[in-house]
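A, B, ... follow the sequence lines: proteins, then strands. Residue 1 opens every chain.
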2 protein chains.
Amino acid sequence: MTTTNAAQRRARAKVEYNAFLAACPSRQLLDRISDKWVVLVLCALGGDAAQTGAAGDAMAMRYSEISRLLAGASQKMLTQTLRALERDGVVTRTVTPTVPVTVTYELTDLGLSLHEVSRGLRNWAQNHMEEVLTRRTAYDDRAS
Amino acid sequence: MTTTNAAQRRARAKVEYNAFLAACPSRQLLDRISDKWVVLVLCALGGDAAQTGAAGDAMAMRYSEISRLLAGASQKMLTQTLRALERDGVVTRTVTPTVPVTVTYELTDLGLSLHEVSRGLRNWAQNHMEEVLTRRTAYDDRAS
DNA sequence: CAGTATCCAGCTAGATACTG
DNA sequence: CAGTATCTAGCTGGATACTG
């Protein structure tokens with residue numbers, strides 16, 4: 001009976017794994033906010049960048065503004081991220097039919113609350129990152 | 001002068017991008033907690049699983065216990081994750097030299113506080129995920 | 001201006017086999 | 001029991017070119 005055994009164990013593991021995943025609802029959110037560009041877009045629209053002049057609170061931004069702020073993001077990633085966030089109701093996409101079309105993005109209430117969550121993360125990071133880094137180098141030194 | 005132009009633009013973009021990254025310290029943390037298995041290990045050691053009997057607060061767990069709880073995680077991923085967390089001072093790794101060696105993992109104070117952060121995330125997820133899902137299906141329906 | 005479409009390199013994570 | 005080592009498939013993200 002060696003034929004089905006391995007496959008069965010694998011299938012069983014798959015199920016248990018999914019069950020544990022389902023039991024941990026933060027996974028859903030994490031898949032959303034753990035994305036590199038999602039966080040950066042959130043920062044940008046939330047006004048954390050402060051390099052554009054205004055700072056502190058949410059603002060509507062044009063595609064090209066975001067693109068300029070997040071230099072290094074390809075259009076592909078930017079558009080993909082923006083679409084995903086729009087799909088989830090985190091940002092609004094407003095098309096103004098001017099001559100060359102104008103598109104602005106803005107955080108929704110949902111997006112603002114998500115931005116708040118990411119601020120909580122940022123706070124933790126600022127308070128503990130130094131300790132983490134210290135531990136990390138200590139660990140690396142210990143390992144001959 | 002078309003030779004250096006493209007490369008220069010690319011280099012410039014790289015710098016700006018990094019600058020914005022650096023300005024957003026949550027990236028560091030996100031790289032840590034956004035990992036699938038990190039969160040699950042955090043859940044396990046934090047006692048969120050509740051499938052082992054005890055529930056609610058932190059507990060020391062053996063490698064095999066974690067492995068059983070997170071069925072579906074390969075040893076590679078589990079070990080890798082555990083090592084990274086140990087390196088960052090989030091968990092402790094205790095080796096007891098019994099006959100077959102016994103290794104237990106436990107959250108440190110730092111790990112507990114990180115676990116709290118992830119609980120904040122979980123709360124947001126529980127409060128808003130339904131809305132996100134609604135928006136998402138609405139968006140998908142709209143797209144003919 | 002604000003995208004869409006396509007192709008491809010690199011990294012990650014899973015499978016598998018072996019060890020103190 | 002608690003790993004380490006190695007190979008590879010698949011997905012993600014970046015480059016590039018084209019469009020309403």
Worksheet item: More 5' along DNA chain C: A:Tyr63 or B:Gln80, using each one's nearest nucleotide?
Response: A:Tyr63

Worksheet, complete the sentence: Tightest non-hydrogen contact, residues A:Leu69 and A:Ala44, listed as CD2-CB, 3.6 Å

Worksheet entry | Proximal nucleotide (of D:dG14, D:dT4, D:dT16) relative to the B:Arg83 side chain | D:dT4

Worksheet, complete the sentence: Picking from C:dC1, C:dG14, C:dG3, the nucleotide nearest the side-chain atoms of B:Met77 would be C:dG14

Worksheet item: Is a salt bridge present between B:Arg136 and A:Asp88, judged by a nitrogen-to-oxygen distance below 4.0 Å?
Response: yes

Discussion item. Taking the side chain as everything from C-beta on, heavy atoms only, tell me whether B:Leu121 gets closer than 4.5 Å to B:Val39.
Written reply: no

Practice prompt. Sequence neighbours left out, what passes side chain to side chain contact (heavy atoms under 4.5 Å, CB included) with B:Thr137? Give chain and number order.
Written response: none

Discussion item. The side chain of B:Val101 is closest to which nucleotide in this list: C:dC1, C:dT4, D:dC1?
Written reply: D:dC1

Worksheet entry | Donor-acceptor contact below 3.5 Å, side chain B:Thr81 vs main chain B:Met77 | yes

Worksheet item: Is the distance from OP1 or OP2 of D:dC1 to the nearest side-chain N or O of B:Arg62 less than 4.0 Å?
Response: no

Discussion item. Looking at A:Arg93, I'd like to know whether one of its side-chain N or O atoms comes within less than 4.0 Å of OP1 or OP2 on C:dG3.
Written reply: yes

Fill in: Whole angstrom value for the distance that separates C1' of C:dG3 from CG of A:Leu70
16 Å

Worksheet item: Counting side-chain heavy atoms from C-beta on, which of C:dT4, C:dG14, D:dG13 comes nearest to A:Thr79?
Response: C:dT4

Worksheet entry | B:Gln75 CD to D:dC1 C1', straight-line distance once rounded to whole Å | 11 Å

Worksheet entry | Gap between atoms CE and P, on A:Met61 and C:dA2 respectively (whole Å) | 11 Å

Worksheet item: Choosing from D:dA2, C:dA17, C:dT6, which nucleotide comes nearest the side chain of A:Lys76?
Response: C:dT6

Practice prompt. Nearest whole angstrom, please: distance from the P of C:dT12 to the CG of B:Asp35.
Written response: 10 Å

Discussion item. So if I take the C1' atoms of five pairs at each end of the helix from C:dC1-D:dG20 to C:dG20-D:dC1 and get each local axis, what angle do the two axes make, rounded to 10 degrees?
Written reply: 50°

Worksheet item: Nearest of C:dA17, D:dA2, C:dG3 to any side-chain atom of B:Ser64?
Response: D:dA2

Item to complete: Could you please name the option among C:dG14, D:dG3, C:dG20 that lies closest to any side-chain atom of B:Ser74?
Response: C:dG14

Worksheet item: Between C:dA2 atom P and A:Arg68 atom CZ, what is the distance in whole Å?
Response: 9 Å

Worksheet item: Are B:Tyr139 and A:Leu107 co-members of a hydrophobic cluster defined by side-chain heavy atoms under 4.5 Å apart?
Response: no

